[in-house]
Colleague: 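Dropping a structure here in structure tokens format, bear with me for questions.
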Amino acid sequence: GRTWVSADGNLHASVAIAVRAPMALAGQLALVSAVALYEAVRAVTQPAKNVGLRLKWPNDLLIGRAKAGGILVESTTAGDGSSFVAVIGFGLNIVAAPDHLDCAAISLREAGADATTDVLLQNLATALDLWLERWDDARGFEVIRGAWMERAGPPGEPIVFNSGQGQVHGTYQGLSETGGLVAEV
């Protein structure tokens, strides 16, 4: 039910993949994709410059506390349930950030990175191939889990997330063995 808005010069791309894993593990693709997006952006930021690049569970890329990009994964089962097809959508604020979000947003340009959609798309394609290979249809999720947590905020950081009963305030504690958010409330 959300509208996707992106200015010219920003990256908005989708990729469809076939996965040989149970549909119950489809949520892990958001984490795999987030690590790939992080790596694609890190490649265009100056290593010496601390732009505060990090991940927020399950599918946001932040610079400091502002959203620079996000991922949406849609999936459907294929056949007997032992596989599924997923479409992974990426949005990245390269030249401009939307001003109507319910959170702070930032573009890579505002953070001092100079990159084009072509360069970032190539970086993303390369990184996504690498991290999907490491994920190995969920058999390598522990590698993804570790990589994601290395790129996320520190344990103990205050967080707010939505549950079936509304907003919940707590502290981030990491990821479960299956990729779920671990929080202290």
Side-chain angles (χ1 to χ4, degrees), residues 1-2 4 6 10-45 53-63 67-94 108 115 117-155 157 159 161-164 170 172-184:
R2 292 186 175 182
W4 185 284
S6 184
N10 285 348
L11 175 68
H12 29 280
S14 297
V15 62
I17 61 170
V19 178
R20 296 202 178 281
M23 181 74 158
L25 301 177
Q28 292 180 359
L29 281 173
L31 304 172
V32 174
S33 301
V35 171
L37 184 60
Y38 177 101
E39 292 300 317
V41 171
R42 187 176 75 169
V44 299
T45 57
L53 189 64
R54 64 195 188 116
L55 299 175
K56 177 183 162 211
W57 187 86
N59 57 358
D60 287 342
L61 179 74
L62 303 181
I63 295 177
K67 185 172 180 174
I71 298 153
L72 178 63
V73 179
E74 296 285 336
S75 54
T76 186
T77 57
D80 63 2
S82 63
S83 62
F84 62 92
V85 175
V87 176
I88 306 166
F90 295 90
L92 183 61
N93 303 332
I94 298 174
L108 297 182
T117 54
D118 289 343
V119 168
L120 280 159
L121 185 59
Q122 181 59 50
N123 289 355
L124 180 57
T126 300
L128 186 60
D129 280 347
L130 172 76
W131 288 101
L132 284 170
E133 185 177 313
R134 289 178 179 168
W135 182 60
D136 191 24
D137 291 329
R139 290 181 290 271
F141 181 68
E142 190 56 33
V143 171
I144 302 305
R145 180 178 175 262
W148 192 95
M149 288 193 307
E150 285 174 7
R151 292 157 178 80
E157 179 177 61
I159 59 171
F161 57 93
N162 294 315
S163 72
Y172 165 76
Q173 298 300 316
L175 297 179
S176 73
E177 292 179 4
T178 58
L181 176 66
V182 177
E184 188 174 294

Colleague: I'd like to know whether L124 forms a side-chain contact (heavy atoms from CB on, under 4.5 Å) with L11, so could you lay out the CA-CA distance, the side-chain angles of the two residues, the decisive distance to 0.1 Å, and finally the verdict.
Modeller: CA-CA 10 Å; L124 180 57; L11 175 68; 4.1 Å; yes

Colleague: L108 and L120: side-chain contact (heavy atoms from CB on, under 4.5 Å), yes or no, with the steps?
Modeller: CA-CA 11 Å; L108 297 182; L120 280 159; 3.7 Å; yes

Colleague: For residues 118-137, which residue pairs qualify under salt bridge (Lys or Arg N to Asp or Glu O under 4.0 Å), counting only residues two or more places apart or in two chains?
Modeller: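 Checked against salt bridge (Lys or Arg N to Asp or Glu O under 4.0 Å) - neighbours excluded - the pairs reaching residues 118-137 are D136-R139.
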
Colleague: Compare every heavy atom of A183 with every heavy atom of F161, then report the nearest pair and how far apart it is.
Modeller: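 In terms of heavy atoms, the two residues are closest at CE2-CB, 3.9 Å.
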
Colleague: For a quick test of reading the model, state the closest non-hydrogen atom pair linking A26 to F84 and the distance between them.
Modeller: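 Answer, listing the atom of A26 first, then F84: CA-CZ, 3.6 Å.
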
Colleague: Would the distance check show the side chain of R20 and the main-chain N or O of S82 forming a donor-acceptor pair, the cut-off being under 3.5 Å?
Modeller: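 Flag not set: sc R20 to bb S82 has no pair under 3.5 Å.
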
Colleague: Does V73 reach the side chain of N59, with side-chain heavy atoms less than 4.5 Å apart?
Modeller: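 When only atoms from C-beta onward are counted, N59 and V73 do not touch, as no gap falls below 4.5 Å.
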
Colleague: Using a 4.5 Å cut-off on heavy atoms from C-beta on, say whether the side chain of L132 contacts that of L128.
Modeller: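 With C-beta onward as the side chain, the pair touches.
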
Colleague: To the nearest 0.5 Å, how far apart are OG in S83 and CE in M23?
Modeller: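 If I round to the nearest 0.5 Å, the distance is 10.0 Å.
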
Colleague: Show me the donor-acceptor pairs within less than 3.5 Å that the side chains of residues 28-39 make with the rest of the protein, sequence neighbours left out.
Modeller:
from : atom 1 : to   : atom 2 : distance (Å)
Q28  : OE1    : W135 : NE1    : 2.8
Q28  : NE2    : T178 : O      : 3.4
S33  : OG     : L29  : O      : 2.8
E39  : OE1    : R42  : NH2    : 2.8
E39  : OE2    : R151 : NE     : 2.7
E39  : OE2    : R151 : NH2    : 2.9

Colleague: Measure the shortest side-chain to side-chain distance between M149 and Y172 over non-hydrogen atoms and say whether it is less than 4.5 angstrom.
Modeller: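 They are in side-chain contact.
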
Colleague: Looking at residues at least two apart in the chain, or sitting in another chain, which of them share a salt bridge (Lys or Arg N to Asp or Glu O under 4.0 Å) with E150?
Modeller: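 For E150 there are no salt bridge (Lys or Arg N to Asp or Glu O under 4.0 Å) partners, ignoring immediate neighbours.
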
Colleague: Just wondering, more than 12 heavy atoms not from Q173 lying within 6.0 Å of its CD?
Modeller: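 Check passes, neighbour count above 12.
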
Colleague: Between R54 and A152, which heavy-atom pair has the shortest distance, and what is it?
Modeller: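 That closest heavy-atom pairing would be CB-C, 4.4 Å.
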
Colleague: Checking I159 against L181 for the side-chain contact (heavy atoms from CB on, under 4.5 Å) test, could you report, in this order, the C-alpha distance in whole Å, the side-chain angles of both residues, the deciding distance, and whether it holds?
Modeller: CA-CA 11 Å; I159 59 171; L181 176 66; 3.9 Å; yes

Colleague: Could you grab the distance from atom NE2 of H12 to atom CG of N93, nearest 0.5 Å is fine?
Modeller: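 The NE2 atom of H12 sits 11.0 Å away from the CG atom of N93.
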
Colleague: Would a 4.5 Å heavy-atom cut-off, applied to side chains only, mark L92 and T117 as touching?
Modeller: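 No; the side chains remain at least 4.5 Å from each other.
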
Colleague: Would you say L61 and L55 make side-chain contact, with heavy atoms under 4.5 Å?
Modeller: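 Yes, at least one pair of side-chain atoms sits under 4.5 Å.
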
